[in-house]
Each structure stands twice: as structure tokens, then as C-alpha cells.
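Every chain is numbered from 1 and lettered A, B, ... according to where its sequence line falls, protein lines coming before strand lines.
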Number of protein chains: 2
Amino acid sequence: MKRKITLKHIARELDVSISTVSKALKNSEEISQDTKDKVQAFARLYNYKPNNIAISLKNKRTKNIGVIVPDIVHHFFTTVFRGIEKYANAKGYNVIVCVSDESFDKEVINMEMLANGSIDGFIMALSAETQRRNDFNHLREVTEQGIPLVLFDRVTDEIRCDKVIIDDSRAAMEATERLIRSGRKRIALFTTETYLNVSAKREAGYRQALEAHGLPVLEELILRLPYQFEEESSSLRFFREQDFDAVLCVNEIFAVRAIRLAQQLGRRVPQDVSFVGFTDGLLSRYSSPSLTTVDQQGELMGQAAAELLISKVEMEYDENDARNYQTRIIPTALIERESTVLS
Amino acid sequence: MKRKITLKHIARELDVSISTVSKALKNSEEISQDTKDKVQAFARLYNYKPNNIAISLKNKRTKNIGVIVPDIVHHFFTTVFRGIEKYANAKGYNVIVCVSDESFDKEVINMEMLANGSIDGFIMALSAETQRRNDFNHLREVTEQGIPLVLFDRVTDEIRCDKVIIDDSRAAMEATERLIRSGRKRIALFTTETYLNVSAKREAGYRQALEAHGLPVLEELILRLPYQFEEESSSLRFFREQDFDAVLCVNEIFAVRAIRLAQQLGRRVPQDVSFVGFTDGLLSRYSSPSLTTVDQQGELMGQAAAELLISKVEMEYDENDARNYQTRIIPTALIERESTVLS
DNA sequence: TATTAACACGAAACCGTTTTCGTAAGGCCG
DNA sequence: CGGCCTTACGAAAACGGTTTCGTGTTAATA
């Protein structure tokens, strides 16, 4: 086993001091060319690489960023992660991922673990439970310590920090308008039961669109489903009891499941009922009929979040103090597919 | 901004030495109860938490594990990751994720970045390019340094280390037999064009099953598709020119796309053609007809990989040297859904 | 020849811990 | 009263780097 070689080893072997080795490897002016050549050759030969941990301790910079997401087996979050990872990697940063599993406690524990020097900053989307409890002390603690924080998608107004979101309400509004313009009159909304900021905003957009076009907002056409549900009884009942000609769903799973149900009940999609979802994942693309959906452009969000974070991390203290927090809004796009009739 | 407090601060404030503070916080016998109370109270008050980096440097243990996967927007890899993360977190480890993007170079760079002290061990699935080039020097380098390595799913025989895989060939064989038993005679195989170990093994299993049941292996019934393809022309041609009554696909995307195509061409699924895929993702579950598929149990794989790695990491040097490398085979299960006729 | 500047390098502090070892003070015993 | 053992703590080394500052040697200059 070839143990990792350190400056000390090189110094001893070449009979010079550690400082000389360190400087020689950085091509310092202070060191004679002879010595530099000797040291560099030796280092190359034994494949010397400085120890990241030691450097982190010295610089008080880890070149790691912490990402906390509610779930990782989730198309949207993985696309965001991809955007983060790409940008971070290009900037020489590594990414530590923690999954909160939608749990407040796990979110807190993970943050605390990472906040003790492991990372230079956080990028995160709040867990459902955190949003429900409205308790953000763990975030406040971190920002008060001067650790940069960027929130994305699932954000809160309670915390002052950089944020990256889509305009959920606007996207929902446009999606709803798309349905209205194609002649739909009784548009249902399938949303989540648990409290999520984004769901609330999408619902607001839906209501706005209906009102703006003089359509009544019918509460009985709003179906609230558990985030992860097994059987279809409640949606089935909804299909049986309600009369509607289009559905806006706050995610693609709701949409695809609803389409299946509609088809099983003999409704033609999109002729009898048309559907629009959120999140442009594999399901939207490959289900049949394929799903018209709001593309949240996760990769762009991730990249924007990483940009904001790293710029804050690398900023000198003075300018950082200016507290010029940004909220970046990533544009969305409605991707038209077979689940809506082309008007 | 409340800066992080260190042992030194506490020591200065309480007018004791750093060593005393350190020992007092660890409840050492050496320190009087009075002093311990004083120190602990102060530490709690100022929310002292030891600096992870300093501890890592001292212990030569980072409590980080490095995970390198070819892709993260990918159902199977995320389930594996979930398994890793859960187990690792429970054991007090954090996970640094790097995406090789199926590129050899990125894989090498990522490994080198992490190998210089950032992590205690690696869990990885090889990139397609690495498998094609058959170049594993970066892995060898890491293991020679004594850094534990666990390979999963995309593994190689060239490297001696722990491995976690499914029995791909057996799973493919069983899936094929399932089709044969339901009376299918001309079974096609849709596999990847690029060289992947797992695809090769699945193909072998497919061939074995046919031969075992006295069916001819028809090379023209094997379609090799690019890993990520846009348009369907080659599969379309295949559907037009070949005669088959079942298809085994090496992943769920190939399967779902093929099913769509079949339906568009007027074939009934599963009556005229039945399909079996690999990977039990959202697509398999929610497409219509839903897809019969081989569940690779990614979460179990991830957990097994993390178990193996952490046990090696925490093992004392002596026992580690025994070189008792394991290859764990995670059982697969064929999940029967609507794309095959129930026999 | 004395002064000085340039050169090339080393000593030491520092980042924040842990841990070994040394030691001052106090009490007990003979 | 001297020796010894506890008790309770501090000094210092160590982990692996970076960086500031000091210094010995040499060569150029006055």
C-alpha cells in the first residue's frame, strides 16, 4: 500500500525545510530554480497532492457546498441537483447532498452536521414539514453565522437570503388560460393535501386565471390529494361525482394517474377531458397520451442557485455585508403535448 | 454576525487552558466537577460545536463518503443513492456526490479531487466510457492508497474490491422465460448500443433462456439502440421489418417507447406483443399499459454498498489487510403488470 | 574594507482539535 | 518535617498545510 506523501516526507527526503517545499511547489520567487526543479521532480515522481483537509483548515474554506433536498428519487430535484453539480464542479466545488425526507428534524440535523465547518454554504429546498410548522430557526442560525444560504423552489419569506424560484402562480395561470382558450369551461385542480408553498401559489394562479376570464371558481372542482397516495378511491369518487372538462395538476404524477383513470372510465383524452401538469419529467414525455406540462427548468434553477451561492461564498466580507439578496425567477415554459387539444 | 466559537475562545474567557476545555467537554475524569460544569455551561450557552475539519485532520477520518455515478437524473441511480444516503447518515456519515456524466475523464478528475483527503471511501458505478476503454488505473490508484472502494451495478473484474450487483444475466433469463412460458415464440431484445457490462449480461441471459427452451436465437431480433436517442426511425424500421410477439428491453425507457410505437402501429399490447423491461421506475408503474419489469431494488443495493464500505472504513488496518472482498448479489423480482398477459 | 542589498532558505505561528506527558499543589503517612 | 500519592490542570506535539518574518551567505557598492 502506497501511503499518501506529505510535505514533511519530501522535506526530509530532500533535506530541506517544509516551508521550502511548500514554496517550491507553488513556484515561489523566493526559491532557487535548482531547488524548485528538484522538489517538483520529486513531487511528481511520488505523485504528491496536497491534503484537502489541511488546506480547508488553513483557509477556512472547504470548497464543499451542502445541498439539502426533501427527496432525491424525484425528477425535478435531480435536475436541479444536476445544474448545481455541474456549475459547482466547474468552479472546483464538491457537493454534499443530504435528504430531509420531508422531515423537519432531519432537515435540522443535516444542517447542523454540515454547518460545523464541512461546507461553505447551503442550497436547499424546504421540507414539507418545515413549511407546515413555519419554523425556520435552523436557517436563521446558519445565516447568522455568516454561512451563505440559497433557497430554491420551496422557499419562505421569513428568511432573508438569496432565492431561486419559478413564478408558480404565473405558470399556473398561464396553464389555466391555455385550457380556457381552448374552450374549457369547467376546469378542475388536483393539488396536494399537505401544505406546500408552491402548491398554494399554483392554486392562486389557477383561481386568478378563472376569475380573469369570468369563470366561477368552483371549490368542489378542487381535489386535494395526499402527497404520495396508493389507491385511487378519492380521485375515482371525484371523477364519478364531478363534471369537468379539463384538469390542472400540480405535478406530473397526479396528471398521469388522473389520465389513466379518465381513460379507464371511458373518457377520451384530450377530447373529453384535457390535462396539464407540472414538471417535465419522463412521465410527461413518454406516457400516452403524452402530457402537456409546465417545464420548471430545474437545471437552470440549480445553476442559478449555485451561481448565487458561490458568488456569495467567494465574496469578501465587506461587500457581503451589503445584504443585497436576490430572488431570481427562472422562466417556465408550457410544453404542449397530446393531453391538450391543439387549438 | 455570531462567529463560530472555538476551544480557544472558551479557554480565554474562562481563564483555563485549551486542553482543559477539551477534556471538560468530553467529561474527562481528569477535570474537577466544578471546572467541567463551568466549561459545559459556557459551551452550551454559546452553542459550541467542534469544528469538523479540525477533527478530520486530527483523526484522518472525514466521515464523508464519495459517491460517483454516471448520471443522477436517472431513477435507478437515485434509488441506489437513497439507500446509500440513509445508511450512511444513520452511521454519521455525509455523502459527496459527483456525476461522471458517462465520461471517463470526469470520473478520473472527480476521483482525484476526492481522494486527497476529502472522503474515507468511494462507492461508484462505472461510466460507460470507462467500461468501453477498459481503463481502470484511477481505481487501482485509489485502492493502492488504501482507500476503500465499493463498486455497484456497473462493475469490472479487473479491480479487486467489494461489489454489489444484481444477477443481470439471471434476471434477464427469468424475464425471458416468463415470456416463453406465456407462449411467446419470437422474442426480440432491445438493448444498448454502447458497451455496458450490464447490457451484455442481460443479453447473455436472454440468449441462455432461448437456448434452454429450444428456441433459436435470431440475431435480427436483437435491436441495439443508442443510449439516449431522439427519434424512433430505427425502432420503427425494426417494427416494420421484423416479426415478433414479445420484447425484452434492458431499461424501462426503451420499453415504454417501444410500447407506444407498437400501439401507434396498431399492435395490441400485450395481446399481439408483450413487453418486459428493467428498472421499476415511475414509467413502469404509470404508463399504460403498465410495464412488467425487473425490479433492481436500488435502495437495497445502495444500503448494501454503504454497509460494505463503512465496515471497511471503520475496520482496523490489520483485519483490512486480509483482503476479504465480497460481491453481494441483490435479489431481483419480476413485477408483473399489464404489458404481459397473465398466463 | 566596511556596508548593504539581494538571494535562498528556515523557524515558527497559525488553522482547531486531541492526547500524552509533565508538574504544581495539597493531603496523608511515617 | 520529608517523602509520596492524588488531584487538577497546562504545555506541547501532532494532524498537513500556508505564510510571515528573520537570517546567513554572497556579491555588489561606496
Side-chain angles (χ1 to χ4, degrees), chain A residues 3-40 42-43 46-64 113-120 145-146, chain B residues 3-40 42-43 46-64 113-120 145-147 317:
Chain A
R3 264 264 142 266
K4 274 256 137 183
I5 194 177
T6 70
L7 288 186
K8 196 193 283 192
H9 296 133
I10 305 184
R12 196 168 343 184
E13 216 61 33
L14 263 41
D15 210 43
V16 291
S17 76
I18 294 182
S19 0
T20 303
V21 178
S22 174
K23 290 171 192 164
L25 290 175
K26 307 192 107 65
N27 244 315
S28 158
E29 304 276 305
E30 270 185 86
I31 306 298
S32 72
Q33 197 56 50
D34 271 12
T35 310
K36 284 199 274 192
D37 290 347
K38 199 173 57 173
V39 171
Q40 290 173 5
F42 190 91
Y46 287 95
N47 193 30
Y48 169 80
K49 294 278 166 48
N51 180 309
N52 290 333
I53 300 292
I55 293 180
S56 296
L57 182 59
K58 184 93 245 272
N59 297 350
K60 297 172 149 231
R61 284 279 180 78
T62 61
K63 286 256 171 187
N64 285 156
M113 269 196 83
L114 297 181
N116 299 313
S118 299
I119 50 93
D120 296 339
Q145 280 175 33
Chain B
R3 262 265 143 265
K4 274 257 137 183
I5 193 177
T6 69
L7 290 185
K8 196 192 285 191
H9 296 133
I10 304 185
R12 197 169 335 175
E13 217 60 33
L14 263 42
D15 210 44
V16 292
S17 77
I18 295 182
S19 357
T20 303
V21 178
S22 174
K23 289 170 194 164
L25 290 175
K26 305 191 112 60
N27 242 316
S28 159
E29 304 275 306
E30 269 185 85
I31 306 299
S32 72
Q33 197 56 49
D34 270 13
T35 310
K36 284 199 275 192
D37 290 347
K38 197 174 58 173
V39 171
Q40 290 173 6
F42 191 92
Y46 286 95
N47 193 28
Y48 169 79
K49 292 279 165 50
N51 180 308
N52 290 333
I53 299 293
I55 292 181
S56 296
L57 181 59
K58 185 96 244 278
N59 298 349
K60 298 172 146 230
R61 285 276 181 79
T62 61
K63 286 256 172 184
N64 285 158
M113 270 196 82
L114 296 181
N116 297 314
S118 298
I119 49 93
D120 296 338
Q145 279 174 33
I147 303 179
Y317 178 76

### Phosphate contact (dC15(C) OP1 or OP2) by Lys8(B) side-chain N/O below 4.0 Å
yes

Rounded interatomic separation in angstrom, taking [atom1] from [X] and [atom2] from [N]:
X	N	atom1	atom2	answer
Asn116(A)	dC15(C)	CG	C1'	16 Å
Arg61(B)	dA14(D)	CZ	C1'	17 Å
Leu57(B)	dG17(D)	CG	C1'	8 Å
Asn27(A)	dA8(C)	CG	P	13 Å
Ile5(B)	dC15(C)	CD1	C1'	16 Å
Lys36(B)	dA8(D)	NZ	P	9 Å
Asn51(B)	dC15(C)	CG	P	12 Å
His9(A)	dG16(D)	NE2	C1'	10 Å

### Nearest-nucleotide pick for Ala54(A), side chain only, options being dG10(C), dG16(C), dG16(D)
dG16(D)

### Among dA8(C), dA11(D), dG16(C), the one nearest Ser32(A) by side-chain distance
dA8(C)

### Message
Using heavy-atom distances to pick each residue's nearest nucleotide on DNA chain D, tell me which of Ile53(A) and Ser17(B) is more 5'.
### Response
Ser17(B)

Please tabulate, one pair per line, each protein N/O and nucleotide N/O from nucleotides 18-21 of chain C that are separated by under 3.5 Å, including the distance.
unit_1: dT18(C); atom_1: OP1; unit_2: Lys26(B); atom_2: NZ; d: 2.8
unit_1: dT18(C); atom_1: OP2; unit_2: Ser22(B); atom_2: OG; d: 2.8
unit_1: dT18(C); atom_1: O2; unit_2: Lys58(B); atom_2: NZ; d: 3.1
unit_1: dT20(C); atom_1: O4; unit_2: Lys23(B); atom_2: NZ; d: 3.2

## Note on the structure
To the nearest 0.5 Å, atom OG1 of Thr6(B) lies from atom CG of Asn51(B) at 9.0 Å

### Query
In Å, rounded to the nearest 0.5 Å, how long is the span from CD1 of Ile147(B) to NZ of Lys4(A)?
7.0 Å

### Task
For a side-chain contact (heavy atoms from CB on, under 4.5 Å) with Ile31(B), tell me which candidate from Lys38(B), Lys26(B), Lys36(B) qualifies.
Lys36(B)

#### Entry: Other residues, nucleotides, ligands: >12 heavy atoms within 6.0 Å of Asp15(B) CG
no

### Summary
Scanning both residues in full, the closest heavy-atom pair of Asn116(A) with Pro50(B) reads CB-O, 3.6 Å

### Message
Could you walk me through whether Val21(B) and Leu25(B) satisfy the side-chain contact (heavy atoms from CB on, under 4.5 Å) test, starting with their C-alpha distance in whole Å, then the side-chain angles of each, then the deciding distance to 0.1 Å, before giving a yes or no?
### Response
CA-CA 6 Å; Val21(B) 178; Leu25(B) 290 175; 4.0 Å; yes

### Task
Sequence neighbours left out, what passes ring pair (Phe, Tyr, Trp, His ring centres under 6.0 Å) with Tyr48(B)? Give chain and number order.
none

### Task
Classify the nucleic acid contact of Ser56(B) as base, sugar-phosphate or nothing, counting any heavy atom under 4.0 Å across all strands shown.
nothing

